[in-house]
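A short worksheet on the structure shown next.
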Amino acid sequence: GYSDQRGQYAHPMAVMRVAGLYDAPGAYSVCLKTGAAGNDASALYDNPDLLGHTFVGPYLAADPACCLVVADADGVAGFLLATADTTAFERWREQVWLPPLRAQYPIRSGASRDGELIAALHHPSLAPQELARDYPAHLHINLLPRLQGQGWGRRMVEELGRTLRARSVQGIHLGVDLDNARALGFYGRLGFIEALRNDQVIYMALTLNR
């Protein structure tokens, strides 16, 4: 592979680059195909867009310079989505991104997976304040199986680190499910430490030294 001065990393089959809005359909698809604890969630949701509206779209719209995709001849196959300022992002999401979606998707009665995501659009979870203060950026990564185990996750995190350091961001965090030992190991190898935990999520964090 090779790296060029525009932050791209390529090998003969795939390229990593800064994301654009044109990547939204592919990134939504990756989110759905990895939305069941890393497995394909396509059969679990009636509306295939809800996961993307929750976990992809606002990042591509709010802070695209902090978002990366890996694409090959078959399209987007992985992404890192991030924001440099979690508190500002959550405020923007509340004011700009969520109101039209709430109008389009009113809260449903009864239990369903679609209903759970719609409820989250109306009542989104927020980062713990102490975490957002000490590690203001946050990220999440998804890769389709055809890209896994090839180092793309590490390359994307390292590229994001360079972007955030250039913006004088002091730290970054993310949430990992308690039972996701693979992800915990991956971020641990990249230098992330456990910062907080509750009964569902372990928050991993990394200080970005200049």
Side-chain angles (χ1 to χ4, degrees), residues 18-36 41 45-69 76 78-108 112-142 156-157 159-161 163-164 167-177 183 187 192 195-196 198 200-206 208:
V18 175
L21 283 178
Y22 40 80
D23 293 309
Y28 270 47
S29 177
V30 170
C31 186
L32 183 63
K33 290 176 181 176
T34 58
Y45 297 97
D46 293 326
N47 186 330
D49 292 335
L50 288 173
L51 275 174
H53 286 335
T54 304
F55 297 110
V56 176
Y59 295 90
L60 293 178
D63 204 353
C66 285
C67 299
L68 299 163
V69 296
V76 175
F79 58 67
L80 179 153
L81 303 176
T83 182
D85 185 334
T86 296
T87 301
F89 169 81
E90 291 175 345
R91 188 183 311 117
W92 174 91
R93 182 180 61 185
E94 181 65 27
Q95 295 172 348
V96 177
W97 183 259
L98 291 175
L101 291 172
R102 288 168 176 164
Q104 183 174 350
Y105 302 112
I107 291 180
R108 299 180 179 182
S112 71
R113 288 183 178 268
D114 285 49
E116 291 173 0
L117 287 176
I118 290 169
L121 292 174
H122 288 262
H123 305 287
S125 60
L126 302 176
Q129 287 188 348
E130 64 270 34
L131 200 64
R133 181 191 65 233
D134 295 337
Y135 306 95
H138 77 262
L139 73 92
H140 61 105
I141 293 175
N142 289 96
M156 288 194 291
V157 171
E159 181 64 25
L160 175 65
T163 298
L164 293 175
R167 290 166 66 167
S168 299
V169 177
Q170 66 189 31
I172 187 164
H173 73 270
L174 72 152
V176 180
D177 289 342
Y187 289 109
F192 285 75
L196 288 172
N198 57 34
Q200 295 179 312
V201 177
I202 295 174
Y203 289 100
M204 305 287 286
L206 178 69
L208 297 172

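- Atom CG of Leu101 is separated from atom NE2 of His122 by 8.5 Å, given to the nearest 0.5 angstrom.
- Inter-residue side-chain proximity for Thr83 and Trp92 is flagged as unmet; no heavy-atom pair is nearer than 4.5 Å.
- Closest approach of Leu139 to Tyr187, counting heavy atoms only: CD1-OH, 3.8 Å.
- Although no hydrogens or angles enter the test, the distance criterion places no donor-acceptor pair under 3.5 Å between the side chain of Glu90 and the main chain of Asp85.
- Relative ring orientation between His138 and Tyr59 is described as perpendicular, the plane-to-plane angle rising above 60° on a 0-90° scale split at 30° and 60°.
- The CG atom of Leu117 sits 11.5 Å away from the CG atom of Asp49 when rounded to the nearest 0.5 Å.
- Contact check for Pro64 versus Val18: no side-chain heavy atoms found under the 4.5 Å cut-off.
- Across all their heavy atoms, Leu80 and Ala82 have their closest contact at CD2-CB, 3.8 Å.
- With hydrogens and angles disregarded, a donor-acceptor distance shorter than 3.5 Å links the side chain of Thr54 to the backbone of Leu50.
- Nearest heavy atom pair, residue Ala41 against residue Ala36, reads CB-N, 3.7 Å.
- What you find for Leu60 and Ala24 is that their closest heavy atoms are CD1-CA, 3.7 Å.
- In terms of modelled atom types and a separation under 3.5 Å, the side chain of Asn142 and the main chain of Val30 share no donor-acceptor contact.
- Side-chain atoms of His173 come within 3.5 Å of backbone atoms of Ala137 as a donor-acceptor pair (strictly under, hydrogens ignored).
- Distance check: Leu68 CG to Glu159 CD gives 6.0 Å after rounding to the nearest 0.5 Å.
- Arg93 places no side-chain N or O within 3.5 Å of a backbone atom of Leu98 that could act as its donor or acceptor partner.
- Between His53 atom NE2 and Leu121 atom CG the span is 8.0 Å, to the nearest 0.5 Å.
- The line from OH of Tyr203 to CG of Asn198 is 5.5 Å long, rounded to the nearest 0.5 Å.
- Between Tyr135 and Thr86, every side-chain heavy-atom pair lies at or beyond the 4.5 Å cut-off.
- At distances below 3.5 Å, at least one donor-acceptor pair connects side-chain atoms of His140 with backbone N or O atoms of Phe55.
- Side-chain atoms of Asp23 do not come within 3.5 Å of backbone N or O of Val76 as any donor-acceptor pair.
- Contact annotation: the side chain of Leu81 approaches that of Cys67 to within less than 4.5 Å [non-hydrogen atoms, C-beta and beyond].
- Of the inter-residue distances, the one linking Glu116 atom CD with Ile118 atom CD1 reads 10.5 Å to the nearest 0.5 angstrom.
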